[in-house]
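Notes follow the structure.
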2 protein chains.
Amino acid sequence: MDRPLQIDELLCFSVYSVNHAISRLYRPLLAPLGLTYPQYLVLVALWDRDKRRVNDLGTELQLDTNTLTPLLKRMEAAELLTRKRNPEDERSLIVALTDKGRNLQDKAGEVTSCVLEAMGGDIEELSALRDRLNALRHKLEQQ
Amino acid sequence: MDRPLQIDELLCFSVYSVNHAISRLYRPLLAPLGLTYPQYLVLVALWDRDKRRVNDLGTELQLDTNTLTPLLKRMEAAELLTRKRNPEDERSLIVALTDKGRNLQDKAGEVTSCVLEAMGGDIEELSALRDRLNALRHKLEQQ
DNA sequence: GACGATTATATCGCGTACGATCAATATGGT
DNA sequence: ACCATATTGATCGTACGCGATATAATCGTC
């Protein structure tokens with residue numbers, strides 16, 4: 001009864017493994033757009049709400065500046081966004097999409113379709129899974 | 001109806017985010033044992049089946065040698081395992097637990113308990129979530 | 001208006017991930 | 001025995017993720 005769990009039986013490994021599988025699924029779809037998977041997530045966040053401070057992006061994506069700063073610099077170098085000091089408060093940096101970054105949203109629709117298809121296409125079931133994961137995420141974040 | 005999804009509505013982001021949250025949950029629990037989260041997963045795999053080739057471990061964990069080789073070398077340096085050429089086939093390398101690596105299994109029980117508690121403790125629900133994720137994982141792997 | 005505390009971002013170091021490539025060993029056909 | 005081919009790990013370069021620390025700007029208090 002108190003037998004040690006096999007790796008397939010660990011929820012944490014399932015999450016770890018599915019995350020990698022999703023990352024591998026996105027990679028070839030995003031490569032033609034010159035994007036990595038985390039960069040794509042940053043774009044999704046910015047498409048929803050543009051012109052945000054680095055920390056605000058970090059709160060939403062659960063990433064600190066030690067990850068975001070170099071990531072955003074690469075995206076700035078790729079001309080997907082701009083990084084400008086806020087004149088109101090010179091400590092903060094406003095991240096804003098360029099036209100190039102905004103326009104990628106059209107192509108992202110195809111990516112989403114491909115991913116949905118690879119996942120089986122049952123929207124109801126995938127939404128339910130997403131809600132369960134978000135609930136778990138909130139439980140873990142409030143530790 | 002065809003409104004672009006917000007980031008909270010993407011299943012892929014839920015998985016990404018929960019994975020990071022789990023990693024952050026394990027970090028302080030594993031640090032006293034001198035383990036990182038991926039290293040812990042390697043140990044779980046080895047506790048189940050010891051003395052395996054690098055590729056076999058990689059198949060189970062869905063990691064290639066470019067990730068595993070340095071990871072296993074660090075674990076060898078920490079004396080958690082040994083890496084020895086297989087005399088039967090000099091191409092392959094057998095990864096085997098040391099006593100130190102094997103003995104960590106006892107302490108791992110506490111880690112599992114802590115994680116379970118942080119996740120809410122409802123084993124039925126967590127198992128169901130795990131099974132759904134494993135199903136998704138298998139769907140993604142057979143692409 | 002000077003100064004300590006706070007806030008916002010940047011930097012450094014280490015450890016994964018992974019595509020691409022390489023070196024060593026084994027195997028099968030001739 | 002010989003050689004093309006396949007298998008197995010190792011290596012290299014780039015990009016996250018994050019703990020720890022640094023730097024710069026702002027705020028609060030006096």
Side-chain angles (χ1 to χ4, degrees), chain A residues 12-13 15-32 34-43 52-59 61-78 80 83-95, chain B residues 12-13 15-32 34-43 52-59 61-78 80 83-95:
Chain A
C12 71
F13 177 70
V15 175
Y16 172 88
S17 190
V18 169
N19 185 50
H20 285 169
I22 291 178
S23 171
R24 279 191 290 271
L25 173 63
Y26 269 100
R27 193 180 305 274
L29 300 174
L30 294 175
L35 291 173
T36 65
Y37 179 51
Q39 289 173 10
Y40 168 73
L41 294 177
V42 167
L43 281 186
R52 297 212 259 162
R53 298 183 318 136
V54 175
N55 262 351
D56 294 340
L57 269 175
T59 302
L61 299 169
Q62 288 292 301
L63 292 173
D64 207 346
T65 62
N66 46 13
T67 299
L68 275 178
T69 295
L71 194 159
L72 293 173
K73 280 186 176 176
R74 280 186 286 271
M75 293 180 75
E76 184 185 35
L80 297 169
R83 300 163 65 248
K84 292 208 178 80
R85 286 287 159 189
N86 180 1
E88 316 268 307
D89 183 342
E90 289 281 334
R91 288 172 305 179
S92 59
L93 201 70
I94 304 296
V95 178
Chain B
C12 70
F13 177 70
V15 175
Y16 172 87
S17 190
V18 168
N19 185 49
H20 286 169
I22 291 177
S23 170
R24 280 192 288 271
L25 173 63
Y26 270 100
R27 193 181 305 275
L29 300 174
L30 293 175
L35 291 173
T36 66
Y37 179 49
Q39 288 172 11
Y40 168 72
L41 293 177
V42 167
L43 281 186
R52 297 212 260 162
R53 298 182 320 132
V54 175
N55 263 350
D56 294 339
L57 267 175
T59 301
L61 299 170
Q62 288 291 298
L63 293 172
D64 207 346
T65 61
N66 45 13
T67 299
L68 274 178
T69 295
L71 194 160
L72 293 173
K73 280 186 176 176
R74 279 187 283 272
M75 292 179 75
E76 184 184 34
L80 298 168
R83 300 162 63 249
K84 292 208 179 78
R85 287 284 159 191
N86 180 2
E88 315 269 307
D89 182 342
E90 289 282 335
R91 290 172 303 181
S92 57
L93 200 73
I94 303 297
V95 178

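Just so we're on the same page: letters track the sequence lines, and every chain starts at 1. Everything numeric here is computed off the predicted structure, so don't read it as measured data.
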What residues 61-70 of chain A contributes to the DNA chain C interface at heavy-atom separation below 4.0 Å is A:Thr65, A:Asn66, A:Thr69
One pair to check against side chain to side chain contact (heavy atoms under 4.5 Å, CB included): A:Leu80 and A:Leu35. What are the steps and the verdict? CA-CA 10 Å; A:Leu80 297 169; A:Leu35 291 173; 3.5 Å; yes
Just how far, in rounded Å, is P of D:dG17 from CD of B:Gln39? 18 Å
Which whole-number value in Å describes the distance from B:Asp56 CG to D:dT7 C1'? 12 Å
Quick one: is D:dG9 close enough that its OP1 or OP2 comes under 4.0 Å of any side-chain N or O from B:Arg83? no
Output the distance between atom CG (A:Leu61) and atom CG (A:Leu68), rounded to the nearest 0.5 Å. 6.5 Å
Taking all heavy atoms of B:Leu71 and all of B:Pro38, pick out the closest pair and write down the distance. CD1-CB, 3.9 Å
Within the sub-3.5 Å range, which N or O atoms of nucleotides 21-29 of chain D have a protein N or O partner, and how far apart are they?
from: D:dT26; atom 1: OP1; to: A:Glu90; atom 2: N; distance (Å): 3.1

Let me know the distance between OH of A:Tyr26 and P of D:dC16, rounded to the nearest Å. 16 Å
If each of B:Val54 and B:Ser23 is mapped to the nucleotide of DNA chain D with the nearest heavy atom, which maps nearer the 5' terminus, i.e. the 5' end? B:Val54
Rounded to whole Å, how long is the line connecting atom NZ of B:Lys84 with atom C1' of D:dA10? 19 Å
Between CZ of A:Arg74 and P of D:dG13 the distance, given in whole Å, is 17 Å
Locate the shortest heavy-atom distance separating B:Arg83 from B:Leu72; write the atom from each residue and the value. CD-O, 3.9 Å
Between B:Arg85 and A:Pro38, which is nearer to the 5' end of DNA chain D once each is assigned its nearest nucleotide? B:Arg85
Using atom types as modelled and distance alone, determine if a side-chain donor or acceptor of B:Asp89 lies under 3.5 Å from a backbone N or O of B:Arg91. yes
Taking salt bridge (charged side-chain N to carboxylate O under 4.0 Å, His left out) as the definition, give me every residue that meets it alongside B:Arg85, ordered by chain and number, with sequence neighbours left out. none
Would you check if B:Ile94 and B:Arg53 make a side-chain contact, meaning some heavy-atom pair closer than 4.5 Å? yes
Rounded to whole angstroms, how far apart are CG on B:Asn55 and P on D:dT7? 11 Å
Quick check on the helix from C:dG1-D:dC30 to C:dT30-D:dA1: what's the angle between its two end axes, five base pairs per end, to the nearest 10°? 10°
Between B:Asn55 and B:Thr65, which heavy-atom pair has the shortest distance, and what is it? OD1-CG2, 3.7 Å
Determine yes or no for a side-chain-to-main-chain donor-acceptor pair under 3.5 angstrom, with B:Asn86 supplying the side chain and B:Glu88 the backbone. yes
Note: chain B reaches DNA chain C at heavy-atom distances under 4.0 Å over the stretch, first to last nt, 5' to 3', of C:dG15 to C:dA26
For A:Ser92 and for A:Arg27, locate the closest nucleotide of DNA chain C by heavy-atom distance; then report the residue assigned to the nucleotide nearer the 5' terminus. A:Ser92
Show every donor-acceptor pair shorter than 3.5 Å between a side-chain atom in residues 16-31 of chain B and any protein atom, with sequence neighbours excluded, or say none if there are none.
from: B:Ser17; atom 1: OG; to: A:Arg137; atom 2: NE; distance (Å): 3.1
from: B:Arg24; atom 1: NH2; to: A:Gln62; atom 2: OE1; distance (Å): 3.4

Before giving the answer on side chain to side chain contact (heavy atoms under 4.5 Å, CB included), spell out for A:Cys12 and B:Leu41 the whole-Å C-alpha distance, their side-chain angles and the decisive distance to 0.1 Å. CA-CA 9 Å; A:Cys12 71; B:Leu41 293 177; 4.3 Å; yes
What contact category does B:Arg53 fall into here, base, sugar-phosphate, or nothing, at under 4.0 angstrom with non-hydrogen atoms? sugar-phosphate
When rounded to whole Å, the CG to C1' distance for the pair B:Leu71 and D:dT11 reads 16 Å
Does D:dT11 have its OP1 or OP2 closer than 4.0 Å to a side-chain nitrogen or oxygen of B:Lys73? yes
